[in-house]
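Keep in mind it's a predicted model, so treat the numbers as computed, not measured. Below, chain A is the first sequence line, B the second, and so on; all start at residue 1.
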Protein chains: 2
Amino acid sequence: MSIPGTDELQLLHEQICQAIGDIKCIQILYALYEQPRQVTALADLLEISQPTVSRHLTVLRERALVIAERRGPAVIYHLADARVIAVLNMMRQLLRDIHERRATALS
Amino acid sequence: MSIPGTDELQLLHEQICQAIGDIKCIQILYALYEQPRQVTALADLLEISQPTVSRHLTVLRERALVIAERRGPAVIYHLADARVIAVLNMMRQLLRDIHERRATALS
DNA sequence: TAGATATATTCGTATAAGCGAATAAGTGGA
DNA sequence: TCCACTTATTCGCTTATACGAATATATCTA
């Protein structure tokens, strides 16, 4: 894969990176990876206020990273693509290796 | 890989996601992926002021995502781990698929 | 249609983060 | 040591973004 141009970079940043740059969004994504949940369930689980969760979900939905499905008065959210989690897990592995490398370099 | 706990999530966010959440940092990472460069070369290439580039590089260095190597008065920066680019490319592919899926859904 | 439940939105505020100009600090050569 | 070059840091400012309280909207049931 080649180096991205300015336009693609802009899109990449706005639609994915920025969402992943927010820790609460990451929490929400992992919670939805475990299982689809409705808004209040997420708010209770993550101890975030309902409006905040709803706003984050709106953004994630606009970015097409999550999908909303109304079921009665509730709205069930679920991940649109599990690769988001794969990306995050890749970063976690990277983080671990970096720490390990640092520890080795210091010893 | 299991679901990350709060502490790991905090680290992940602070050390990697936040850096990737800045579009100029992404530009810098890709530029260093092409080849190691010194600060002014990056500033010229990306049309960002020297102090701004330097500040971003400092952050990336603290996160151990880039490595600095002094060569005379200049400092050559290079990527610490190419997997950062792999992660970004994975996101790009994800972005493309999302767009494609949207286009298909609308037709 | 009234009420209960769940979600979305608006609003004002507070916090965070990036920016360039100016300046300081480090490095090597004369 | 002085100078030229490169990089790092400080400073004040601006912009962007997240937040909760309050409120509006949507859905279902009776």
query: With respect to the side chain of P51(B), which nucleotide from dG18(C), dT7(D), dA22(C) is positioned closest?
result: dA22(C)
query: Looking only at N and O atoms, is any donor in the side chain of Q50(B) or the base of dA8(D) less than 3.5 Å from an acceptor on the other one?
result: yes
query: Are the side chain of H56(B) and the backbone N or O of K24(B) linked by a donor-acceptor pair below 3.5 Å?
result: no
field: Short side-chain N/O contact from Q18(B) to OP1 or OP2 of dA16(C), under 4.0 Å
entry: no
field: Distance, rounded to the nearest Å, where L57(B) contributes CG and dA8(D) contributes P
entry: 7 Å
- line: Per atom distances to the V75(B) side chain, the nearest of dT7(C), dC19(C), dT7(D) is dT7(D)
- prompt: Base, sugar-phosphate, or nothing for R61(A), non-hydrogen atoms under 4.0 angstrom?
  reply: sugar-phosphate
message: Taking the nucleotide of DNA chain D with the nearest heavy atom to each, does S49(A) or R70(A) sit closer to the 5' end?
response: S49(A)
message: Expressed as a whole number of angstroms, how long is the span from R55(A):CZ to dA22(D):C1'?
response: 13 Å
query: To the nearest angstrom, how far is I23(A) atom CD1 from dT15(C) atom C1'?
result: 16 Å
statement: Against the side chain of P73(B), the closest entry in dA18(D), dG18(C), dG26(C) is dG26(C)
query: In whole angstroms, how far is the P atom of dA8(C) from the CG atom of L42(A)?
result: 11 Å
statement: Checking dA8(D), dA8(C), dG18(C) against the side chain of V39(A) (C-beta onward), the nearest is dA8(C)
- prompt: What nucleic acid atoms does T40(B) come within less than 4.0 Å of, heavy atoms only: base, sugar-phosphate, or nothing?
  reply: sugar-phosphate
message: Restricting to non-hydrogen atoms, name the atom on I20(B) and the atom on I26(B) that form the minimum distance, rounded to 0.1 Å.
response: O-CD1, 3.3 Å
Distance in angstrom units between Q38(A) CD and dA26(D) P, rounded: 19 Å
task: Could you check which of dA18(D), dC19(C), dT7(C) has an atom nearest any side-chain atom of H56(B)?
output: dC19(C)
message: Between T58(B) and S54(B) (side chain of the first, backbone of the second, donor and acceptor by atom type, cut-off under 3.5 Å), is there such a pair?
response: yes
S54(B), nearest nucleotide to its side chain (from dT17(D), dA8(D), dT7(C)): dA8(D)
field: Under 3.5 Å donor-acceptor, T104(A) side chain and E100(A) backbone
entry: yes
task: Kindly say if K24(A) contacts the phosphate of dC19(D), meaning a side-chain N or O under 4.0 Å from OP1 or OP2.
output: yes
- prompt: Do N89(A) and Y30(A) have a side chain donor and acceptor closer than 3.5 Å?
  reply: yes
query: Among dA8(C), dA17(C), dA8(D), which nucleotide sits nearest the side chain of Y77(B)?
result: dA8(D)
statement: note: L46(B), atom CG; dC19(C), atom C1'; distance rounded to Å ~ 16 Å
field: Distance, rounded to the nearest Å, where I20(B) contributes CD1 and dG18(C) contributes C1'
entry: 18 Å
message: Please check this pair: side chain of R70(A) against backbone of P73(A), looking for a donor-acceptor N/O pair closer than 3.5 Å.
response: yes
- prompt: CD1 of I76(A) versus P of dT27(D): gap in Å, rounded?
  reply: 15 Å
